[in-house]
Amino acid sequence: MGIKKVITKEDWEERLDYVKVRKEDMNRLVMNFLFTEGYVEAAESFRLESWTAPDIDLATIAVLMGVNKAVQSGRVEDAMEKVNDFNPEILDTNPQLFFHLQQQRLIELIRNGKVFEALEFAQKELAPIGEENQSILEELERTVSLLAFEDVTRCPVGELLDVSQRMKTACEVNAAILTSQSHEKGLNLGAFVPGNTDAISEDALETLCWLISPYFFFNSRRTIATLLFITKKIYF
Amino acid sequence: MPTSAPPPSNYPTRSEDLIGRLNSVHIPCEAKLKALRELKNQIIGNRTKKIAFLKLGAVPSLVSILSSAVAENGGNLEFNEPVIIQSAAAIGSFACGLDAGVNAVLDAGAFPLLFGLVSHPNEKIVDACARSLKLIYQSKLAPKYNFLLEKNMDFLLSLLNSKNENVTGLGASIITHSCHTSLEQETLSEAGVIKKLISLLGGSLIQRDASLESLGAIIKENPVVVSKFMGPVNGRALNVVTELTKDRYPQTRLLACMCLILIRNASTCYLQDAGIKTKLILILLELIDDPGQVGDEAPFVLSSLIAEKEDLQKIAFDSNIVDKLCNHLEKGSLQAKSLQGIFLALADLCSKLECCRDRFLSLKAFNFLTDVLTHDSPEVRTAACICLKNISRSVKNLSAGHFMNEVVIVPLVQLLHDTCTSVQIAALGAISNIVVDFTEHKSTFIHCGGVKQLVQLLKSMDPTIRFNAMWALKNLIFLVNSMCKEEILLELSPSILISLICDPETSVQEQALALVRNLVDGAIDSVEYVFSEEGLLLNAIGRQLQSASKVEVLIQGMYVLNNVASGNEFHKEAVMNLLFPHAGSDTQTILIKFMQSTDSRLRTASVWALVNLTLTSSPGANSRVMKLQRAGIVSQLKNMANDPCLDVKLRAKTALGQSMMFVDPSMGKFVFTC
């Protein structure tokens, strides 16, 4: 192990100010960010317009787009089939992800008012998972409680019906697909914002605004430089 | 009157219908392919469905479809290849994480089929088959791969050389699964597999992780292979692995740490400096916090690093590891694996260091420990008992009687009749320490039914259980008060002890004799115990002394005689009769043999007995000394006056001095004859 290097805040900020940010690096950063955060169509458009070579191969991009579209339109079973065609190991070795997708299927059934089918689905498909895995039991109970309310939009767990829940699920699938191809999980801002995916998305969105801002303010340059350092694109 | 069961439904369930479609020879290809995809999508991720379909015989159907498609070989290409892909994927999914599935897949003959397809020109078929085989190899039930056959090694190398990530992953998983003996490790090393795996460390995440695991299997406990790994042929292998301990993915960091630890443990030449020790501990400490599987596995890897190594335990302690692990316990609702890992790590930490035990007890984490003694998982119960055993090594707390209370004892005694042997043995270990309690609370153990259970275990078929139960009883009896002794002896009959003194296992014999030694220690009436049943017990001990060869058995036997000889005249004479059974014969008495033993402990024990036998204040000492003189014992004592061992020397001098009083009256005017 080498000697630990200590850098003061002022020193750090000074170094950041001197970093030259190349456009290609910034483009790639933006594009990867968009892919990994689930803005797949935006990422694909950005890629084509900026002629940036993707770190991710085209087959994976196609799957990402297909899966995302399916989840965002509520066709979860479709999405799962696409994932299984792409790599059957993903759902078989990721019990949390599998549960969240099944949970999303239930939510979609409830959203469409198919109460009996939802009940049957909960009984046949979800209950057994709860038995096998104690840690998801709580989440399962929350989801199933949706069935108890006539007006689901006004129940305590109503946020599950929100489209942001679809987004959350889509992000999770995204990450799993990318990891299976052993691509970087993206900016991994999660490492700096511990907690739920919502917090990551908010923070990341804010950063995105800075990044694509055509006005390179003092602060945003530093942010870009920091992000590039984190993703190991530059070294001090 | 038996009630009639409801008539069976005439309508097949959806699942039965699906299997029906798969088995049907009449349905068109598209429908069959559709059915395959449907089955695959139903079972992936869904353990319950897998089990249900297994019962309906899905696997043999799948294998037969796969084998027909392979046999057709080119025929109906449009459907053949997709059929192969889907059926291979479904077969793999059945094997994923499900032992019953693996068995079904192997029984149905899928294995050779899948292997044959790994070199197929269609990349997607190769992917599907390699993945499925990899999933099978993740189970212990997969058939062992024989690395010693040349063609097998060649095939393995071809897998590792493939450009396909799934195929190299398969090669690595075969190694991780089947490489166990040092011969296999060396064969793989000779064939250049290590070099290949190291190059894969620069590949994708999956390749890196798979290679790290395989490398671990090859270098484990093999100093020869480790030095090859560190040698010039493999380049800067160590640097690569060390870099991976800083990788962004926690799983990679953990596997890299595991490799470094294996290198460290296999060979004392490498990775011994303080820097690497601290680094490994800090990385593992951080990994313990990981929310996923990595967090569950990290404590096990930590255990492999610190077990038996006090210096590492100290470094870990200084990094506040006890607090961290106890914090995890406080979070609650932990999975069994996680709990097992945490308690095993705590057990290692508390194995030698009092500071760790103190810290653990001060954090009030002891409650968690007693709670999990009744956990569902036998592995967790075992880990908790081992942890408890190590914590109870704290003499300070033991003396204060902190462990001898019902909260601890009741569940422990319960565990003595646990269904799982390893739990019983671990519980016995904990009890052995706790009953050494120096306060007067041993009765708590007896009243909780502890002695009954221990005596029951003395009759076990398993020698390890007999051994440990005897150890626990021995410790219980050590310095116990007479009232408790009475209660114990109510359960422990002499006949049980006699059979254990003559147990087929010498280690059990030793413990049995040690128990008797503790039993007859103390008041004079304790000594009477060995004379019960008309002296059968004493005779059994005498017989063992004549016939046993293991020195530890002889030592304990001599100490029993020693304690008996500290009693009254009758007791001393009994000991003499045992040691000199054939009056006037030429057979060398065993005592001389013991006094001439190369083991100083046996010499010490023998001389102690002589000290008691020649005690000048005893009435019969005179005649005893004469007897000893005739048997050549006194001369032997003279030789031992210059014994290299101080204990022997001092006792020999005492015994000699006492003997000389009788042998040579001119030595002194003090001849006691009363």
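Proteins come first, then strands; the chains are lettered A, B, ... in the order of their sequence lines, and each starts at number 1. Quick note: numbers below take in every heavy atom, side chains included, and nothing from hydrogens, waters or symmetry partners.
- Residues of residues 88-101 of chain B lying within less than 4.5 angstrom of chain A, judged on heavy atoms, are Ala89(B), Ser93(B), Cys96(B) in numerical order.
- The residues Arg111(A) and Glu108(A) are annotated as salt-bridged, a charged nitrogen and a carboxylate oxygen being separated by less than 4.0 angstrom.
- Between Asn84(A) and Ile90(A), the closest side-chain pair of non-hydrogen atoms is not below 4.5 Å.
- Distance alone, capped at 3.5 Å, is enough to place a donor-acceptor pair between the Ser162(B) side chain and the Asn164(B) backbone.
- Between the side chains of Glu213(B) and Thr176(B), no donor-acceptor pair of N or O atoms lies under 3.5 Å.
- Looking only at heavy-atom pairs under 4.5 Å with chain A, the residue among Gln207(B), Gln293(B), Lys50(B) that has the most is Lys50(B).
- With no hydrogens or angles considered, no side-chain donor-acceptor pair links Gln340(B) and Glu379(B) at under 3.5 Å.
- When heavy atoms are compared at a cutoff of 4.5 Å, Gln86(B) approaches chain A solely by way of its side chain, counted from C-beta outward.
- A side-chain donor-acceptor contact under 3.5 Å links Glu81(B) and Asn122(B).
- Pro95(A) does not touch chain B: none of its heavy atoms, backbone or side chain, sits under 4.5 Å away.
- Contact annotation for Asp85(A): both backbone and side-chain heavy atoms come within less than 4.5 Å of a heavy atom of chain B.
- Contact of Lys124(B) with chain A is not made at all, since no heavy-atom distance falls under 4.5 Å.
- Salt bridge annotation for Glu123(B)-Lys163(B): absent, with no cationic side-chain nitrogen under 4.0 angstrom from a carboxylate oxygen.
- Heavy atoms of Arg208(B) lying under 4.5 Å from chain A are absent altogether.
- Among Met80(A), Gln102(A), Glu125(A), the residue with the largest count of heavy-atom pairs under 4.5 Å with chain B is Glu125(A).
- At a threshold of 4.5 Å between non-hydrogen side-chain atoms, the residues Val372(B) and Leu329(B) do not count as touching.
- Around CD of Glu77(A), the count of heavy atoms belonging to other residues, nucleotides or ligands within 6.0 Å does not exceed 12.
- Heavy-atom distances place the side chain of Leu135(B), and not its backbone, under 4.5 Å from chain A.
- Glu81(A) and Arg75(A) are not joined by a salt bridge, as no carboxylate oxygen comes within less than 4.0 angstrom of a charged side-chain nitrogen.
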